[in-house]
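Right, one structure below, let's go through it.
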Amino acid sequence: MCGIIGYTGNKKTVPILLEGLRTLEYRGYDSAGITVSEGGRLATVKSKGRLSDLEARLAKSAELMGSCGIGHTRWATHGEPSDTNSHPHATENLALVHNGIVENYAEIEEMLKGAGYTFVSETDTERAAKLLDMFFAKSHDPLDAISRAIKVIRGSYAFGIIFKGQEDTIYAVRKDSPLIVAHDDEGGFIASDIPAVLKYTNKYYRLDEGVIAKVTAHGVSFFDEKLSPAEQKTETIDWDIEQAQKGGYPHFMIKEINEEPEAIRKTLEPRIKDGVPYFGIEALDGEFLSQFSSIHIVACGTAMHAGLVGKAIIEKLARVPVNVEIASEFRYRDPILRKNDLVILLSQSGETADTLAALRHAKAQGVYTLAIVNVIGSSVAREADSVLYTWAGPEIAVASTKAYSVQCALLYLVAIRLALANGKLDNEAAKEICSSMLSQIPEAIESALSLDKQIYDAATKLVAAEHLFYIGRDMDYALATEASLKLKEISYIHSEAYAAGELKHGTISLITDGTPVVAVTTVKKVCEKTVSGIREVKSRGAFVVSVCSKELSEQYDIPCDEMIVIPQVSELLYPFPLATVLQLLAYHVSALKGLDVDKPRNLAKSVTVE
Ligand code: M6R
């Protein structure tokens, strides 16, 4: 979703804003703009398209030398991507950038029309900017104007604002959309995410909701809703700038797939103590867990698919029923939540609006909530009753890869802990699984990475496809759902994941000569059945890429045109190397098609609107 950057300090602001926006490109955008405070006026330059379009426009206008400014990449919600709809939105008195949605924009528009305002864009943001302008025109006090405006605005927002008359100061405030504030020796920053400021400092404040930040070259001050001074906690990120860069890889996605062994180690090792899962959270380590008679895993997209893996492993090991829920559906369908239910929220970013809304709904029903999140201090992490962090490090590519693998790994640990709590696993059995997870998963992923050339060759056969199917059963089906999403989002090939046994109930009518089918077979107990399903599509002309375990490839004659064999690992652990292989397959198809792998069209990394 939209990216916000702001800088005020001793340096020229334009290069800092452009560089910051570049680090936020991964969030997805279709236009960009900046406002710089320039000799007592606010100069705005904006453009539809990529940052290069904005740069071309900047090159044509008089050079902006100011040292305070705000910048924005817009992911269109209200109104098409266009120069006029892009941010910043400026008035006589101020310029404002926004991430989120002002839900009552129509009501605000009516109010403003009454006060004589007119509008040039279709955006909710212009209405917010003019509302603020109306209050500022009365008091000439930025803090007063902001506090009045946010009392009127309903919806989600992260705002960055500069006012005429205070051209060296940036104001910021947020609700339900992320925003950080940072400062180094030479100036202050606001940003949607840490990579935008990481070059300057690894210390930052994650702004609390409703707190207004006033950022100058000399420091930062915070104000609560009554405009009294407020305290905000400094946080320190332990990533370095290299981790947020490509490090020699052609794309972030391939870099992040290659980081999976390390991410898994970092996530698992500190969570296994005396051979069994240990989270260091009272509610998760003791008997408390045994009270839960059913579990809801709630998430979106890839995280929801990790939930399907979680369901399979929790039901298998702990025998507790699990529903996997799409977060955007969850609260609106009024789910039945009982006292003894546990709601697990999965999210890489911890800022996904649908997941956050689902969490709030569950909490309002009095149900215990556990967040599994990658971004420290994010909204989902802060609001859930307990949080487990997946230590994947920054994930920049829009297509989630390593975050998925570590979510699955943590859900395995939760499953083992639950199984111990309710007596479905004894200590020895739990220890054995944990030990094989630690010793085998990173290595198995390394082996999967070494199949890269073979996977690339298979990808060359899929590049021209318009439609494609993934099939599998049981855990393999869970993996197929994610593989299919990965391919769709970055290669623009339409694909569907099907439970192999379900094809014959309708979808098989779509299989004709040459239809590509990726068949996943690692689950022993259903392998024979999956192989029958593969025969059914093969005999109707499908082009089959088989992705199977070493053991099953030796045991069964799997009919196929291409075969990728996953090196041996304990059966329970195949999802990990399998995920890597399927991610690499999607990656190569997208790269072979020459597409923008890391920033697929229409998509945003962190979806902060409902
Ligand atoms: O940050 P989250 O994990 O909450 O994001 C959820 C989805 O938006 C995300 O997984 C999305 O599906 C990815 N683009 C998939 O690669």
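None of these values were measured; they are calculated from a predicted model. Residues take their numbers from the sequence shown, with the count starting at 1. Just follow the structure's listing: the first ligand is 1, and inside any ligand the first atom is 1.
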**Request:** Looking only at protein heavy atoms, identify the closest one to atom 8 (O) of ligand 1 and say how far it is in Å.
**Result:** Val607 CG2, 4.1 Å
**Message:** Looking at ligand 1, would His305 count as a contact under a 4.0 Å heavy-atom criterion?
**Reply:** no
**Request:** Could you tell me the residue and atom name of the protein heavy atom closest to atom 5 (O) of ligand 1, and the distance to it rounded to 0.1 Å?
**Result:** Thr352 OG1, 3.4 Å
**Message:** What I'd like to find out is whether the side chain of Arg206 reaches to under 4.5 Å of the side chain of Ile194, using heavy atoms alone.
**Reply:** yes
**Numbering as shown, the atoms of ligand 1 that approach Ser349 to under 4.0 Å (heavy-atom distance)** = 1 (O), 2 (P), 4 (O)
**Message:** At under 4.0 Å between heavy atoms, is it the side chain or the backbone of Glu489 that contacts ligand 1, or both, or neither?
**Reply:** side chain
**Asked** Which part of Lys486 is near ligand 1, with near meaning a heavy atom under 4.0 Å away: side chain, backbone, both or neither?
**Response** side chain
**Prompt:** Does Cys300 have a heavy atom less than 4.0 Å from any atom of ligand 1?
**Reply:** yes
**Asked** Does the side-chain contact (heavy atoms from CB on, under 4.5 Å) test come out yes or no for Lys486 and Thr302, once each step is laid out?
**Response** CA-CA 8 Å; Lys486 211 82 306 168; Thr302 291; 3.0 Å; yes
**Request:** Give a yes or no on this: more than 12 heavy atoms of other residues, nucleotides or ligands lie within 6.0 Å of atom CD of Glu315.
**Result:** yes
**Item:** is_close_aromatic(Phe189, Tyr200), centroid dist under 6.0 Å
**Value:** yes
**Asked** Is there any N or O on Ala604 that sits under 3.5 Å from an N or O of ligand 1?
**Response** no
**Prompt:** What residue and atom, counting heavy atoms only, is the protein's closest point to atom 9 (C) of ligand 1, and at what distance?
**Reply:** Thr302 N, 4.1 Å
**Prompt:** If you draw a 6.0 Å radius around NZ in Lys48, do more than 12 non-hydrogen atoms from other residues or ligands fall strictly inside?
**Reply:** no
**Item:** Ser400 neighbourhood, listing ligand 1 atoms whose heavy-atom distance to it stays under 4.0 Å
**Value:** 15 (C), 16 (O)
**Message:** With the threshold set at under 4.0 angstrom, would you say Leu603 reaches ligand 1 through any of its heavy atoms?
**Reply:** no
**Prompt:** How far is atom 3 (O) of ligand 1 from its nearest protein heavy atom, and which residue and atom name does that atom have?
**Reply:** Gln348 N, 2.7 Å
**For Ala303, the ligand 1 atoms whose distance to one of its heavy atoms is below 4.0 Å** = 3 (O), 10 (O)
**Asked** Near Ala399, which atoms of ligand 1 are under 4.0 Å from a heavy atom of that residue?
**Response** 16 (O)
**Fill in**
When Val375, Val373, Ile372, Leu411 are each screened for side-chain contact (heavy atoms from CB on, under 4.5 Å) with Thr390, the one that passes is Ile372
**Asked** If every non-hydrogen atom of Tyr587 is compared with every non-hydrogen atom of Pro250, which pair is closest and at what distance?
**Response** OH-CG, 3.6 Å
**Asked** Taking the six-membered ring for Trp, are the ring centroids of Tyr157 and His98 within less than 6.0 Å of each other?
**Response** no
**Message:** With heavy-atom distances below 4.5 Å as the criterion, would you say the side chains of Glu351 and Ser177 are in contact?
**Reply:** no
